[in-house]
Amino acid sequence: MNRKSLVQLVVVASSLSTVAPLSAEDVSFEKEVLPVLEKKCMECHREAYTDPKRGRLKKPKGDLRMDGPEHIVKAGESEKPAITAGKPDESEALARVLLPEDSDDFMPPKGDALTKEEVELLKKWIEQGAKFGEWKGTKFSPEGEKVE
Ligand code: HEC
């Protein structure tokens, strides 16, 4: 091998190794992100419903619904959108799960926190454009069981 082709080989090899991680597959919202939000967020951030035990109206906490694509991109009381496509820094849902767990604003305030991997997937999905795939929303019974 002459010197020129050796240089070319090195250039090709090093560009391959830097390209590989960037071309990693898109996060699948429906497989990797939605199940986490359904399990750990929507109990408190869903359509208003009547509590079957006490007959009281339960409204979405913080005035934020996360149970449909048209809702989750909106802002609640904070006036900061929960999800802004392509902008993790302007996505309050991500900001809240990244807080220290003992912060008053940490989400979820009750129940299992997101794992590091789940937070990472949420962030990547936002960076990749926060696409919802076929998801049209998730419906729950008043008891909190997923019905659709
Ligand atoms: C046990 C109930 C509960 C669960 C579960 C929960 N939240 Fe909340 N959330 C609240 C309450 C109460 C507020 C209002 C007080 C506040 O802003 O901290 C709130 C507020 C928020 C807000 C601010 C809305 C606004 O614009 O003011 C965001 C964003 C949020 N939650 C995201 C999440 C995410 C993401 C999850 C899942 C990881 C989650 N929450 C799970 C109770 C909950």
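All heavy atoms count here, side chains included; hydrogens, waters and symmetry mates do not. Indexing begins at 1, ligand by ligand and atom by atom, following the structure's order.
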Taking T84 for the side chain and K87 for the main chain, is one N or O donor matched with an acceptor at less than 3.5 Å? no
Under 2.8 Å from atom 8 (Fe) of ligand 1, protein N/O/S atoms total 2
Worked verdict on L34 versus M42 for side chain to side chain contact (heavy atoms under 4.5 Å, CB included): CA-CA 10 Å; L34 180 60; M42 289 183 201; 3.8 Å; yes
Residues K116 and E120 bridged, charged N to O under 4.0 Å: no
Begin with the C-alpha distance, continue with both residues' side-chain angles, and end with the deciding distance and a verdict on side chain to side chain contact (heavy atoms under 4.5 Å, CB included) for D67 and K139. CA-CA 7 Å; D67 56 346; K139 288 207 187 313; over 6 Å; no
Test L98 against V119 for side chain to side chain contact (heavy atoms under 4.5 Å, CB included), laying out the working first. CA-CA 8 Å; L98 281 170; V119 173; 3.6 Å; yes
Polar side-chain atom of S28 near backbone of K31 as donor-acceptor pair, under 3.5 Å: yes
Nearest protein heavy atom with distance in Å, relative to atom 5 (C) of ligand 1: K40 O, 3.4 Å
Out of all atoms in ligand 1, which are within 4.0 Å of some heavy atom of A93? Include the element for each. 29 (C), 35 (C)
Is there a heavy atom in M42 that sits closer than 4.0 Å to ligand 1? no
G76, any N or O under 3.5 Å of ligand 1 N or O: yes
Of all the non-hydrogen atoms in the protein, which one sits nearest to atom 25 (C) of ligand 1, and at what distance? S78 OG, 3.1 Å
Electrostatic pair K40:E118 at N-O distance under 4.0 angstrom: yes
Which is it for V97 and ligand 1 at heavy atoms under 4.0 Å: side chain, backbone, both or neither? side chain
Check: T138/E38 side-chain N/O donor and acceptor closer than 3.5 Å: yes
Within a reach of under 6.0 Å around CD of E79, are more than 12 heavy atoms found that belong to other residues, nucleotides or ligands? no
Ligand 1 to E77 polar contact by distance, N or O atoms, under 3.5 Å: yes
Partners meeting side-chain hydrogen bond (donor to acceptor under 3.5 Å, both in side chains) with K61 (sequence neighbours left out): none
Atom 1 (C) of ligand 1 within contact range, any protein heavy atom under 4.0 Å: yes
Any idea which atoms of ligand 1 are less than 4.0 Å away from a heavy-atom of E92? 29 (C)
Can you list the atoms of ligand 1 that are under 4.0 Å from a heavy atom of L114? 38 (C)
Is the backbone of P60 close enough, under 3.5 Å, to the side chain of H45 for a donor and an acceptor to pair up by distance? no
